[in-house]
Each structure stands twice: as C-alpha cells, then as structure tokens.
Protein chains: 4
Amino acid sequence: MNDAPAEPRPALRDDRSEPGTARPGAAGRTSAGPRRSKASADAILDAAQDLLAEAGYAGFSIEQVAKRAGAGKPTIYRWWNGKAALLLDVYARQKLVLTDDDTGTLEGDLASMLCSVSRFWRETPAGDIFRSIIAEAQSEPSALEALRSFLGERRHHVAAVFERARARGELDEGFDLDTTLDIVSGFLWARLLVRRLDDDLEGFNSFARQIARGVTRR
Amino acid sequence: MNDAPAEPRPALRDDRSEPGTARPGAAGRTSAGPRRSKASADAILDAAQDLLAEAGYAGFSIEQVAKRAGAGKPTIYRWWNGKAALLLDVYARQKLVLTDDDTGTLEGDLASMLCSVSRFWRETPAGDIFRSIIAEAQSEPSALEALRSFLGERRHHVAAVFERARARGELDEGFDLDTTLDIVSGFLWARLLVRRLDDDLEGFNSFARQIARGVTRR
Amino acid sequence: MNDAPAEPRPALRDDRSEPGTARPGAAGRTSAGPRRSKASADAILDAAQDLLAEAGYAGFSIEQVAKRAGAGKPTIYRWWNGKAALLLDVYARQKLVLTDDDTGTLEGDLASMLCSVSRFWRETPAGDIFRSIIAEAQSEPSALEALRSFLGERRHHVAAVFERARARGELDEGFDLDTTLDIVSGFLWARLLVRRLDDDLEGFNSFARQIARGVTRR
Amino acid sequence: MNDAPAEPRPALRDDRSEPGTARPGAAGRTSAGPRRSKASADAILDAAQDLLAEAGYAGFSIEQVAKRAGAGKPTIYRWWNGKAALLLDVYARQKLVLTDDDTGTLEGDLASMLCSVSRFWRETPAGDIFRSIIAEAQSEPSALEALRSFLGERRHHVAAVFERARARGELDEGFDLDTTLDIVSGFLWARLLVRRLDDDLEGFNSFARQIARGVTRR
DNA sequence: GGATAACCGAGACGGTACGTCTTGTCTTAAA
DNA sequence: TTTAAGACAAGACGTACCGTCTCGGTTATCC
C-alpha cells in the first residue's frame, strides 16, 4: 500500500547512482545533486521513525528530524508539507503483517483479526505513529484529509473477513458492510487512543461474538 | 458529570464577597485575594472556550487564553497544569443535554442516543473540545490519564440504555456490558475524530439494529 | 548614622511589648497590632541581608526576602517603597568599623583609611550591599536620590582625616575639600564596582602619597 | 577602540550581497541566509540604543529590543548572550570624540580631558549606556568580566595625557601611572553614577590642579 | 471593657520579562 | 538545481518577580 510517498512534485526519478566519494559529513551520504535524493528521503523517514519511537509524539519535531537525519529543514519541507505528511509516509512504510488466517467462522476470524491488529500496533512503531496521525489530524486539515483517505485504503483488510463470511453464507441479507467496518475500526481506535492495546483476549472474543451474532443470519 | 473540576488545590471556597470598589484595571473584575477568584476562573474558561471555537485546537494557546481573559499566564498555570487540564474543565462545563427518551426497544434507544450525542458534539463546542482532549492525550500523559477517568464517568449514560433493555428482558444472558460500551463509544469517537458527525440516520439505525441483534436473546 | 529607617509613615513607636502567646506561624513571631512591629522589621532586614550575602544582588528579590522573613510582601512595601529603600536600610545597619588611627601625617592617615574601608567592604556584607545600591540607583530614581544623600552623610569620615591635616597645618591654602573627597570616594567606588577590593597596600600607599603631595603646602 | 564586538562565533563575513527582492516583512530588510545578517545586527543595535535613550536602563529589555528591531528574540540570544553583551556592543559603537588638545601643561590637559569625557557622556547616549553596563556588572559575572577588559582598553586615552607630560619632563620620577589612571577614572565614574555630569569647570580645574601637583616634580 | 482601627501573614491577581523551543521561509555554498 | 546548513521573524512555552489588593486574624488603644 501507498509505497509512493506523498510527493507534491510531479514525479522525479528517485534512484540516484551511488556517490563516488564520501563526504566528510555526518553519515557518508553525499549531499545533493539535481535529482531528489532517495538517500535523503530514506534518512529522513528513518530519523522520523526513530525519533517517534524514542521521544514519542510530544518530542517529535521537524527540527529534530532534520538534525537526526543530517538533513536541512527546507529539504523536508520541500518534499513533505508538514508533520502530518511525514508521519503518513512513515506509517506507510510499516509492513502490515496480519495473520489473517481463516478460522472457518466469522467470529473466529474477527477475534483473530483484533488480536493481529492489536499486536501489530503494540509491537511495532505503527501504533504510536498512527496515534500521532490521528492527533495531528485534529489540528491540521491536511492531516485530516490524509487520515480519511488512508482509512479507505486500510478498510479492505477488515472487509476481507466479512467477504469470506458472506461467501460462506453466514451473513444476513441486510448486512451493512460500511457500518460494520466503522464499528470494528472504531473499537480498535478507541483502544489505541487510550493506550489499552493489551492482548485482551476475553474482550476481543466478546466483541467478535457479539458482532458476529449481530450480522449473521438466523 | 464531572462536577468537581480538576483542581490542584484541596477545596477552596470560591465565592468571594462583592468587591467594595472597582479597580482601575481592564474589566470590572476585582483583582485578587488569598482565595481563588471565581471571576478569574470563569473568565479564563470562557476565553478558552471561545478561543477554541474560533481558532480551533491549532490556534489554542495558553498565551492567547490569558490575553483574551485579561488574565496573567501564571494565574492559569496556578490552577491548571497545562492545556489539557484547561480543556478538560472547559469540557466539563458543557451541559450534556441528551434526549434520552425511552422508545420502548433497545434498538430505538440506541439510535436515539447516537443521534443525541452526535447532535450534542456537532452543535455545541463540546465536540471540538473533546477532539482536542483526545489529541492532547496523545502527547501529554496527564491528559491521557484524565481522558481515561473521564471515560469512566460518562459511561453510565450509555449504560442506562442497556440497563433499561435488561429490565425489559431483552438482553441475552451472556451480555457483556463493558465491551458493548466500548463498541458504542469507539463508533462515536471515530466519527468525531474524522469529523463525520453529520446526522447519519441510516448509519445510526444500521448500527443500532446490528448491536441490538448482537446482544438480545433470541 | 541613619538609625531611623526610611519610614514613609510619620513616626510610630516601633517598640512593641512582647507577645503574650506564640502564633502557630513560622518563627513564633506574633502577628501584628496597630503599631509597626519591630520584630517584623528586624526579620525582614535580617532576611534581606542574609539573602544578599548568599545569592548576591542578582538573586535578591522582595519575593524571596518576604518568604525568608516569614513576612507578607505588603508588609515590606508598607514600610519600604522598593528594593532600594530596603537595601539602604540594610546598609545603614552595618556597623562601620574604621580603624581611624591618627598616624601623624595626612599620607599615613589616607593610606590607613583606604585599607580600613577596603577591609570593611571586603569582610562584611557592606561592600556587596553598597554595590547593589549603586546598581539599583542606575534604574531607580529614588535609589539615586538616596545614594546622593547617603553620600553626604558618609562624607565626614573622610573629611575628618583632612580636618586633622588642616589642624596640623599640612594643607595648602587653596585646598578644595569637596573635590578631594570626590577623588577619594571615586577611587574606592571604582575598586568596589569592578570587585578589586584586595588589600592593595602598594596601590593605597601610592594613592595616599600622590593625594597628599597634591594638597599639602610646599 | 573595541572594534571587534563580542561575537561568540569565530569570525563571520558579515557583509552579505544585496537582496534581490524585498521581503513582505516589516521593514525592507531582506531575511537571512546561513551567515549572520548584518542588517539584523544593525537593526538590533539601533533598537537597543534608541530604547536605552528613551526608556533608560529600567525600561531596557531584550523583549522590547526585539520588538522594536523587528527581530526575533532567538536572533538576539544567538549573537549576544544577554543584556550585558548587547549593551557592550552598543557602547562600542559610540564614536568616542574627545577633544584631546595639547594645552601645554598636564594640568590643562587633564582639565580639558575631564571636560571632554564629561561632555561625551552627557551629550551622547554613551553615558547612559556605560552606567547601565556598570549596573549590569553588579549582578552579571559576564558583564563584570567585560567591564574589566573594557577598562583596560579605554585606559590609553587618559594615559596619553600623562605620556605627554612625561615627555615634557613634568612628571616626578616616582610617578605611578596605574594608580593615577584609577584616580581619574574613579573620579569620572562617581560623577557618572550619581548623575552629576554637569560641566563643573571649577571642580575639574580643582581636580586637575591637585592631581598635577601630586605627580609633577618640584 | 467592648469597639475600632491599624497592623500582621498569606497569597492570588494582572502584568512583564526571562531564556528556550519550534515553525516555516529564505539564502548561501558546495556538489 | 538540489542539497546540507543554518539564519531569520514570529511567537508559544513555563517560570520568576513585580507591586497591588483582599482576606481573616490579632492586638493596642480609645470611647
């Protein structure tokens, strides 16, 4: 998903040949050239991710990212229009690993998915990053926009679970996919936002049972 | 509702006798005494609320609140330990008016409650304030703590709906109140955070139907 | 000298009878009555002097003096109109101990006096206090006024040395006392202000010899 | 005179090429680059000088200087480490115009110099600035250090007068230049600090006569 | 001998300034 | 022409004092 970072510029060839000689500068990275430097972009995203992991959203500033990446602030602002865009790209880099196993029932699949997402957010930087994006979206219109479109993209992971259920004939004829997806993501967001991402098996099972009961045919 | 605002001091008598003579100062507000000045506190909370309404969370700063309230910054920091505490008090002042009418069925009650909360957040400053608190909680531990305890307090409003249903004998014996409340509030939070608080009757009904089906006995 | 502190009030009897019962307050000092409390005044002056000794002029604030004295700020402002007045009173409390011995010659007396004043300023808080007063006088008109009148009072100590010389017949008939006193105090002030109060015997002797040669008859 | 202002950075080329286009900002000043902006430094020093002239040392604050200069506070703190450093640079900018005319005698030269310095301090901002520096030095160690080294630099102006006298053969063989310079500057400082800089010809002549008598050979 | 008036401590108040931090724009020099 | 570097204006941050004002409480004096 979204493996092309949000570029305000048309589309540059990002791959640049390796530098011939090392600079005396911070990391061996050669500075500049007429194309966008993939090395720089990577360094910036790495720095952003690390910083977020270490200092949290509170300590996350463009200033610090630039310093840590050995990049100039204008370089960041040239390619991302603010914190939010940067955060989104960082989130997009996270490899979403969900153990989307087919347990045979909607209820089982749902519980499994909750566990999976919960673990993903808990054990990778993704959770903190996503929290930050939501927070940023509350004051930054562009972040809100990004968050919304982002939502649509991630939707299909959960949707797949219900598609399987539909294929099995489990679902009621009046099943409303959109609302159901909102329920699932809302439930997860709330846990994320109050930092209650523990592996609450009982709660997840309870959730899954209830949702499954609500949407399956009798 | 949170009728004890987050006061760092034990409990002061906030009511002060009427000022004898007017100060030459800005407003007619009399300045100071060894007790907390209710007038100041009110002016600050009013200013905070207005500022949030006008400039949003992005433009909300202690500096501006102080200026607008005609108060000194130290006065704010004396009684609230940061943005979050101030926001919480502002939220606590909002009169939660929910048309909690008994429609006779759980489904009806649920749909009604969603409408009611949605309208409350949409048509009063409360929604924006609450969004701000959630955002603040992502970087400020104290705000997170406040948000959590806050959650517990508001919980009973939704719980009441389910208690009525239980009294009617609608509920399944395995009904899990906590999880269900999390579902409801999660659904509402998500709508609030992506600013999709429109009066989505169809969606609310769909949600209510599904939840009701999931928890009622067959 | 100046043993009546700069009182803005007409003239109260400062001595108060001993309190009958101790207050639960800080130091057992009883609080108030319709007369000025000598105990409070002393506590304030003590605190001011100690604070100046410990934290220097930079750390000297009415706030701290009040806290340390266990006094209310208004009590300080009631009896002194600012830092400067307080400092002056503190300086006035310093017992000026000058070994004003008659060496038989103007030159000897002068050198002796320089040593004496220098040691006084160096070994008691007086030097730091006086420095503070001069500093304060640069921004506070009232302090300037006080400094000027103060100057007049202290003048006679040095004048006495020259009076003795005149009595001995050492002085030239065109001797200008005022200018000479300005020279002596200026010399000492400059040393004080750049904190070069070491016991510079050679310098003092050189000064004394030169001044004496300048004013004695040939 | 102190032509190298107290720069914390080694030595930057302060001159920058002319701006191509005007900024929308306050004045027509173009904004910055990786070198120190001379325009900003000048604006800050101008503002500091004007502010000191208008509001005096009491009203002199970094805050006000920044506002008046249209500069950011961090810009000031980047190049000067506090009030004192700024004041010193402002003083260093004052063109010391002393009518150092050779009157033929030490006494005449001295009187002339006193008049000259007195007028300089009285009729230019220099006097007020210098008073402020002395005051600042009483609470700020760095200012004290600066004041001391400053002293050394300015010393030779007065020294020149005595050098001329020595060349004329006026001086006694035991003449002590250091002490004498301390006397002269002490006399002037004291007058400055109690704001008695009037053109006291009589006093100056008296001073000059006495000093001259003290150091000339018989 | 009870009322009164001035003192006292405490500390909240509106302000101003402090020195630091971050933001987003701009300029330079190197590559 | 992009880059790293970093100066810049702007302004918020949270803290320290300023000098004023109110509070209750205490106590010496005067009716």
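Values below: every heavy atom of this structure, side chains too, minus hydrogens, waters and symmetry copies. Since we're looking at a predicted model, the values are computed, not measured.
Neither OP1 nor OP2 of F/dA7 sits under 4.0 Å from any side-chain N or O of D/Trp79. At E/dG9, one or more side-chain N or O atoms of C/Ser40 fall inside 4.0 Å of OP1 or OP2 (strictly under the cut-off). For the pair A/Thr75 and F/dT3, the criterion of a side-chain N or O lying under 4.0 Å from OP1 or OP2 is not met.
Applying the side-chain contact (heavy atoms from CB on, under 4.5 Å) test to C/Ala41 and every residue at least two apart in sequence or in another chain returns C/Arg36, C/Trp80. Annotation: side chain to side chain donor-acceptor pair (under 3.5 Å) contacts of B/Asp42 (sequence neighbours excluded): B/Lys38. Partners of C/Glu145 under the side chain to side chain donor-acceptor pair (under 3.5 Å) rule, at least two apart in sequence or in another chain, do not exist in this structure. Partners of B/Ala143 under the side-chain contact (heavy atoms from CB on, under 4.5 Å) rule, at least two apart in sequence or in another chain, are B/Ala84, B/Glu136, B/Ala137, B/Glu140. With sequence neighbours left out, B/Lys83 forms a side chain to side chain donor-acceptor pair (under 3.5 Å) with no residue at all. Applying the side-chain contact (heavy atoms from CB on, under 4.5 Å) criterion to A/Ala135, with sequence neighbours excluded, gives A/Tyr57, B/Ala135, B/Gln138. Scanning for side-chain contact (heavy atoms from CB on, under 4.5 Å) contacts around D/Glu54 gives D/Asp50, D/Arg68, with sequence neighbours left out. Partners of D/Glu63 by side chain to side chain donor-acceptor pair (under 3.5 Å), not counting sequence neighbours, listed by chain and number: D/Lys73.
Protein atom CD1 of D/Ile76 is 12 Å distant from nucleotide atom C1' of E/dC18, rounded to whole Å. Taking atom OH of residue A/Tyr57 and atom P of nucleotide E/dT22, one finds them 14 Å apart after rounding to whole Å. Taking atom CH2 of residue D/Trp80 and atom P of nucleotide E/dG19, one finds them 15 Å apart after rounding to whole Å.
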A correct dot-bracket answer for DNA chain F, with pairs being Watson-Crick or G-U at under 3.5 Å, [ ] for crossing pairs and | for inter-strand pairs, is |||||||||||||||||||||||||||||||
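The shortest heavy-atom contact between B/Gly82 and B/Ile62 is C-CD1, 4.3 Å. Residues A/Gly72 and A/Ala66 approach most closely at C-CB, 4.3 Å, considering heavy atoms.
In the set F/dA4, E/dC13, F/dA7, F/dA7 carries the atom at the smallest distance from any side-chain atom of D/Arg78.
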Report the C-alpha distance between B/Leu87 and B/Phe60 in whole Å, list the side-chain angles of each, state the deciding distance to 0.1 Å, and finish with yes or no for side chain to side chain contact (heavy atoms under 4.5 Å, CB included). CA-CA 10 Å; B/Leu87 284 170; B/Phe60 182 81; 3.9 Å; yes
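A heavy atom lying under 4.0 Å from DNA chain F marks none of the residues of residues 44-53 of chain B.
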With B for base contact, S for sugar-phosphate-only contact and - for none (protein heavy atoms under 4.0 Å), nucleotides 12-18 of chain F reads BBBBBSB
